[in-house]
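To start, the structure under review is shown below, and the notes come after it.
Computed from a predicted model, the values in this text were never measured in an experiment. First listed ligand is number 1; within each ligand, the first listed atom is number 1.
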Amino acid sequence: MAGKLFIVGFGPGDKKHMTLRCLEVIEQSDVIVGYELYVDLIREMLENKEVYTTQMQEEIDRVKTAIQKALEGHAVSLVSSGDSGVYGMAGLVFEVLSEMRAQGLPVDIEVEVIPGVTAATAVAALLGAPLMHDFATISLSDLLTPWPVILKRIEAAAAADFVIVIYNPKSSRRVTQVVEARDVILKYRHKSTPVGIVRKAYREGQEVIVTDLEHMLNHKIDMLTTIVVGNSSTFVFNGRMVTPRGYSGKYELLKNDRVGEETIV
Ligand code: SAH
């Protein structure tokens, strides 16, 4: 009998920020597949389970192993950090399954995608409230996306005054992209625009920095970092980064009879 494949994002790191459903499906699975670093974060939950870990760039192998184990009848959790559908493994599972079907291979497994807390909202919570208005997430990883495409999107998001959340900002081999990205954003935003830099959100060694576009590159940025660049209205209050919900004072904060066009909840 074919098994079931759970594609599960377990949030930024600590157990308290995993969803109940995430904990439940990991509990119910007899096989766990994931990137080594992520599996280590949940190691204590994995006793008596078959665990397959792979290195960073072996995503396709990881997906194939998970599908194979599900086809053999196991309940399998393929784990990613954050949300598995945000720069995670969910899409790749469906791509591999559709390719397998095209080749006439069996694909008779049930797949369930379980949402998780993605880095954007995890780091936003630590920074204050920077995502209260429209925002764009952009990954600076050019392994799968050509750099000119990424740069074009950064430019469009900067020009349209989106708050910009930058995933995968820099790795040991990829060091220039974050500099170039910052320079493009500076064409449209003042150098004093608030920038939040969060490393290892909700993990041991967490670092939260609120700085600005001018100084952001003076801080440590790596693959465990997410950067939030404010829009033209973002301000800093008591060390927290805040993007106002509205632009033009449609609501007056300290009046009792404040009624907006929309209720703010
Ligand atoms: N699926 C994940 C994203 C994977 S891409 C999610 O939804 O969060 C990997 C990138 O996510 C990292 O380079 C970093 O930019 C960001 N990231 C993931 N976990 C993080 C954490 N705990 N703290 C800061 N950034 C994190």
Side-chain angles (χ1 to χ4, degrees), residues 6-19 21-22 26 33-42 54-60 62-63 66 77-95 113-128 130-131 135-145 147 150 153-154 157 163-179 181-182 195-211 216-217 219-229 241:
F6 300 106
I7 313 171
V8 50
F10 62 76
D14 73 341
K15 204 168 166 179
K16 284 186 181 163
H17 293 89
M18 293 178 192
T19 65
R21 183 67 183 142
C22 165
I26 289 176
V33 183
Y35 169 47
E36 205 164 21
L37 178 74
Y38 299 158
V39 169
D40 277 347
L41 289 171
I42 53 167
T54 52
Q55 296 299 315
M56 198 55 174
Q57 314 228 323
E58 298 166 356
E59 278 104 353
I60 295 178
R62 219 177 298 156
V63 165
S77 279
L78 177 61
V79 298
S80 307
S81 73
D83 184 299
S84 63
V86 179
Y87 310 120
M89 305 293 287
L92 198 50
V93 169
F94 293 114
E95 285 181 59
V113 184
I114 290 111
V117 176
T118 188
T121 50
V123 308
L126 293 168
L127 289 166
L131 305 185
F135 65 95
T137 69
I138 298 178
S139 164
L140 298 196
S141 172
D142 56 0
L143 291 175
L144 300 171
T145 310
W147 180 241
I150 299 172
R153 290 184 184 164
I154 295 167
V163 174
I164 303 173
V165 183
I166 300 176
Y167 283 68
N168 298 308
K170 187 176 175 182
S171 71
S172 45
R173 271 170 299 170
R174 240 180 355 88
V175 295
T176 56
Q177 283 82 350
V178 68
V179 180
R182 198 275 307 246
V195 172
I197 301 176
V198 181
R199 277 192 78 231
K200 298 188 175 181
Y202 298 101
R203 296 186 196 172
E204 214 176 293
Q206 169 181 293
E207 289 169 33
V208 181
I209 287 158
V210 176
T211 173
M216 63 177 267
L217 298 176
H219 299 275
K220 177 160 182 168
I221 295 172
D222 61 12
M223 278 303 272
L224 297 170
T225 309
T226 300
I227 301 173
V228 182
V229 180
M241 191 173 164

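Between Thr225 and ligand 1, an N or O atom pair is found at a separation short of 3.5 Å. Residue Arg199 places no N or O, backbone or side chain, under 3.5 Å from any N or O of ligand 1. When only interatomic distances are considered, the shortest N/O to N/O separation between Gly88 and ligand 1 does not fall below 3.5 Å. For ligand 1, none of its N or O atoms has an N or O atom of Ile166 under 3.5 Å away. By the 3.5 Å distance cut-off applied to N or O atoms, Val117 is not counted among the residues near ligand 1. Backbone and side-chain nitrogen or oxygen atoms of Ser84 are examined, and none is located within less than 3.5 angstrom of a nitrogen or oxygen of ligand 1.
Judged purely by distance below 3.5 Å, without hydrogens or angles, the side chains of Thr118 and Tyr167 pair a donor atom with an acceptor atom.
Environment of CZ in Arg153: sparse, with no more than 12 heavy atoms of neighbouring residues, nucleotides or ligands closer than 6.0 Å.
Within ligand 1, the atoms closer than 4.0 Å to a non-hydrogen atom of Val198 are 24 (C), numbered from 1 in the order shown. Short contacts between ligand 1 and Ala201, defined as distances under 4.0 Å to a heavy atom of the residue, involve ligand atoms 21 (C), 22 (N), 23 (N), 24 (C). In summary, the atoms of ligand 1 found under 4.0 Å from a heavy atom of Arg203, numbered by their order in the structure, are 19 (N), 22 (N). Listed by number with element, the atoms of ligand 1 under 4.0 angstrom from any heavy atom of Thr118 are 6 (C), 7 (O), 8 (O). Proximity to Val86 (heavy-atom distance under 4.0 Å) selects the following atoms of ligand 1: 1 (N), 2 (C), 3 (C), 6 (C), 7 (O).
Residue Pro169 places a heavy atom less than 4.0 Å from ligand 1. The closest approach between any non-hydrogen atom of Ser81 and ligand 1 is below 4.0 Å. Contact between Tyr167 and ligand 1 is present, with at least one heavy atom of the residue lying under 4.0 Å from the ligand.
Proximity of Lys200 to ligand 1, defined as any heavy-atom pair under 4.0 Å, is confined to the backbone N, CA, C and O atoms. Contact annotation for Ala119 and ligand 1: heavy atoms of both the backbone and the side chain come within less than 4.0 Å of the ligand.
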Could you walk me through whether Trp147 and Thr176 pass the side chain to side chain contact (heavy atoms under 4.5 Å, CB included) test, one step at a time?
CA-CA 11 Å; Trp147 180 241; Thr176 56; over 6 Å; no

- Kindly indicate, with the supporting measurements, whether the criterion side chain to side chain contact (heavy atoms under 4.5 Å, CB included) is fulfilled by Ile197 and Met216. CA-CA 8 Å; Ile197 301 176; Met216 63 177 267; 4.2 Å; yes

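With Ser139 contributing its side chain and Ser141 its backbone, the two residues share a donor-acceptor pair below 3.5 Å.
For the residue pair Leu140 and Pro169, the shortest heavy atom distance occurs at CD1-O, 3.6 Å. Listed here is the closest heavy atom pair of Ala90 and Gly85: CB-CA, 4.0 Å. Ser171 and Met223 make their closest contact through CB-CG, 3.6 Å (heavy atoms, listed as atom of the first residue, atom of the second, distance). Nearest approach of Ser84 to Ile7, heavy atoms of both residues: OG-O, 3.4 Å.
Note that CZ of Arg199 and NE2 of His219 are 13.0 Å apart. Values are rounded to the nearest 0.5 Å.
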